[in-house]
Structure formats: structure tokens, C-alpha cells
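Along the sequence shown, residues carry numbers from 1. Side chains included, hydrogens not; waters and symmetry mates left out as well; all remaining heavy atoms used.
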Amino acid sequence: MKTRNYRILSLLTALMLSLALLSGCGGSSADASQSSGSAASSVATEDASASSATAEESAAPAESSAAEAESSTADAETKHITLTVTYADGSSDNYEIDTEADYLKDAIDATVELGGEESDYGFYITSVNGVEADYDADGAYWAIYVNDTYGSYGVDSQPVADGDSFALVYEVY
């Protein structure tokens, strides 16, 4: 008898907490005032909401596919970017590049010679146009700047947008 009462009390507590959670997550004040009502009405309300969302989602594919087609067309547009490579001696090369690439490495591969290796974090640049940076020897590395700001991505994951300016700069840590 004691175990049965404990189970019923646990079930009621779980039901009350579930209803309170549902009313706090977007339910109306009417839902909260019906907390003493049955769980079946709560489930029916959730089913009706899910059916309504499913109906809206099924109407969306036509709009969604049109937007995706437009987006893929926009992605394939030619982007004009600039690239400056600054070497250890302070000299630099400037490039004007028109590309359809989405990422910097693909955009500059045909213009500059990148040496490096794949790592867990992406492509690690060890040389640009034959100029090596050996971090282990003297702390030198190739830094990436995007629109005059130190880059947050590697060369193979840095997005490219029309009008961006990039710099590969030989730096010593």
C-alpha cells in the first residue's frame, strides 16, 4: 500500500512539473490555470500544435526551394577580393582576385603558392610563394588578416565575400 501511494504521488508530482514547464514555455495563462485538469487535454493541445506546425511546414517547401535556388545562384556569383602577402623583410605583393570560391584557400590557390599541411584544425600554412615560416625554429608563422582584423578562421575555412580584403603576413610570435 505504501509503495502504491508513493508511485501515485510521484506520478502526480511529475505531471504537475510537466504542466508547469509547458505553461512556462509558451503556454497561455489559461493553460496554467488548468493545471488540475487531465494530462490528456495537455497532450491533445500539444498534438494540435504539432499538427498546425506540420501544416505550415508542408506549405513552406515551395517557398523554401525557391529561396534555396536563389541562394545557390547568389553563392555562385563572382566575388572581387584583394590579397596582400607581406614577407619577413617587409616587402609585399598585392593581388586583385575575381573568384566564385566560398573559402579563401580555394580563392587564392591559383594566384599564390601555398605550402602547408592538413591538421585537426584545417590547413596549416607553412609557406607562401616559397617563403617558409618555421614556428618551431623561431616562432614564425603566416597570419591571416580579414579586412584589417586578425582572422578567426584558417585559410580553408575563412569565408570569402565580395569586397573583402585579405592579408597573409609573415609574423614572429
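- Separating the CD atom in Q158 from the CZ atom in F166 is a distance of 5.0 Å, to the nearest 0.5 Å.
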Worksheet item: Y170 and D89: side chain to side chain donor-acceptor pair (under 3.5 Å), yes or no, with the steps?
Response: CA-CA 9 Å; Y170 183 98; D89 64 1; over 6 Å; no
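- Remark: the backbone N or O of G130 is not paired with any side-chain donor or acceptor of S127 at under 3.5 angstrom.
- If you chain together hydrophobic residues whose side chains sit under 4.5 Å apart, I144 and L114 fall into the same group.
- Between N147 and T149, the side chains place no donor N or O within less than 3.5 Å of an acceptor N or O (distance only, hydrogens not considered).
- Taking each heavy atom of S92 and T86 in turn, the nearest pair found is CB-OG1, 3.9 Å.
- Judged purely by atom type and a 3.5 angstrom limit, D156 has no side-chain atom pairing as donor or acceptor with the backbone of K105.
- Within a 6.0 Å radius of CG in D148, no more than 12 heavy atoms belonging to other residues, nucleotides or ligands are found.
- Side-chain contact between Y153 and Y121 is absent, with no heavy atoms from C-beta onward closer than 4.5 Å.
- In this structure, A107 and A101 approach most closely via the heavy-atom pair N-CB, 3.6 Å.
- Of all heavy-atom pairs between S157 and P159, the closest is O-CD, 3.1 Å.
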Worksheet item: Hey, mind stepping through K79 and D102 against side-chain contact (heavy atoms from CB on, under 4.5 Å) and telling me if it holds?
Response: CA-CA 9 Å; K79 304 162 199 149; D102 292 326; 3.4 Å; yes
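- Neither V146 nor Y103 shares a network with the other; the hydrophobic side chains, linked directly or stepwise wherever heavy atoms of I, L, V, M, F, W or Y lie under 4.5 Å apart, form separate groups for each.
- A 4.5 Å side-chain heavy-atom check between V131 and W142 finds at least one atom pair inside the cut-off.
- To the nearest 0.5 Å, the span separating OG1 on T126 from CG on D136 amounts to 11.5 Å.
- Put simply, F123 and Y141 are part of two different groups of oily side chains (I, L, V, M, F, W, Y) that touch within less than 4.5 Å, one to the next.
- Applying side-chain contact (heavy atoms from CB on, under 4.5 Å) to Y95 and the options V112, T82, I81 leaves one that passes, V112.
- Between Y145 and Y150, the distance from one ring center to the other falls under 6.0 angstrom.
- In the model, H80 has a side-chain atom that pairs as donor or acceptor with a side-chain atom of D98 under 3.5 Å.
- Looking only at distances, a side-chain donor or acceptor of D164 sits under 3.5 Å from a matching main-chain atom of A161.
- If you chain together hydrophobic residues whose side chains sit under 4.5 Å apart, I125 and V172 fall into the same group.
- No donor-acceptor contact under 3.5 angstrom links the side chains of D138 and Y173, judged on distance only.
- A side-chain contact (heavy atoms from CB on, under 4.5 Å) with V160 holds for exactly one of I108, I97, T99; it is T99.
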